[in-house]
Amino acid sequence: MMASKTFNTNENEKDDMEYNMEHPKRGKALILNHKKYDSRLNLPERKGTDVDGINLHNTLSEMGFDVTIQHDLTHAQISNQLDVLAREDHSEEDCLLVA
């Protein structure tokens, strides 16, 4: 039996089948674009990643997201970015997207 897809306006309901996507803002999107890796990993540059990042940025912007692209961050910098995002108030936003 398939669960019914009813809209639940109770934002605190943990068992909702769907996200509440009727907030005033769509939300933030953080794109982590990695073209160059740490030289110790001896990995080649990722060709085409800049175009992918631009395409994803454009698509998410069209969907109403406030998009930020970060390039070639270290592990510590990524952790910091995620900590900053986690501390922000997202109560007026539908969701937070990290790609």
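All values derive from a computational prediction rather than experimental measurement.
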Q.
Any side-chain to backbone donor/acceptor pair from Arg46 onto His34? Under 3.5 Å, distance only.
A. yes
Residues at least two apart in sequence or cross-chain that pass side-chain hydrogen bond (donor to acceptor under 3.5 Å, both in side chains) with Asn42, listed by chain then number, are none
Across all chains, not counting sequence neighbours, the side chain to side chain contact (heavy atoms under 4.5 Å, CB included) partners of Leu82 are Leu30, Ile78, Val98
Minimal heavy-atom distance between Gly53 and Ile69, with the atoms involved, is O-CD1, 3.6 Å
Sorted by chain and residue number, the side chain to side chain contact (heavy atoms under 4.5 Å, CB included) partners of Leu56 (sequence neighbours excluded) come out as Ile31, Leu60, Ala99
Separation between NE2 (His75) and CG (Asp38), nearest 0.5 Å, reads 12.5 Å
Go through it in stages, so that I can follow the logic: the residues are Gln70 and Asn33, the test is side chain to side chain contact (heavy atoms under 4.5 Å, CB included), and I'd like the CA-CA distance, side-chain angles, deciding distance and then a yes or no. CA-CA 6 Å; Gln70 296 289 336; Asn33 190 17; over 6 Å; no
Residue pairs meeting salt bridge (Lys or Arg N to Asp or Glu O under 4.0 Å), one or both in residues 81-99, sequence neighbours left out, come to Arg26-Asp94, Lys28-Glu88, Lys28-Glu93
Sequence neighbours excluded, the answer for side-chain hydrogen bond (donor to acceptor under 3.5 Å, both in side chains) partners of Gln77 is Thr74
Those residues at least two apart in sequence (or on a different chain) that pass side chain to side chain contact (heavy atoms under 4.5 Å, CB included) with Ile54 are Asn58
Residues passing the salt bridge (charged side-chain N to carboxylate O under 4.0 Å, His left out) test with Lys25, sequence neighbours excluded, are none
By side chain to side chain contact (heavy atoms under 4.5 Å, CB included), Ser39 pairs with (sequence neighbours left out) none
Grouping ILVMFWY residues whenever side-chain heavy atoms fall under 4.5 Å, the cluster of Val51 otherwise contains none
The side-chain hydrogen bond (donor to acceptor under 3.5 Å, both in side chains) partners of Ser79 (sequence neighbours excluded) come to none
For residues 52-80, the salt bridge (Lys or Arg N to Asp or Glu O under 4.0 Å) pairs (sequence neighbours left out) are none
Do side-chain atoms of His23 reach the backbone of His90 as a donor and acceptor pair under 3.5 angstrom? no
Joining Ile, Leu, Val, Met, Phe, Trp and Tyr whenever any side-chain heavy atoms lie under 4.5 Å apart, the cluster holding Leu41 also takes in Tyr37, Leu43
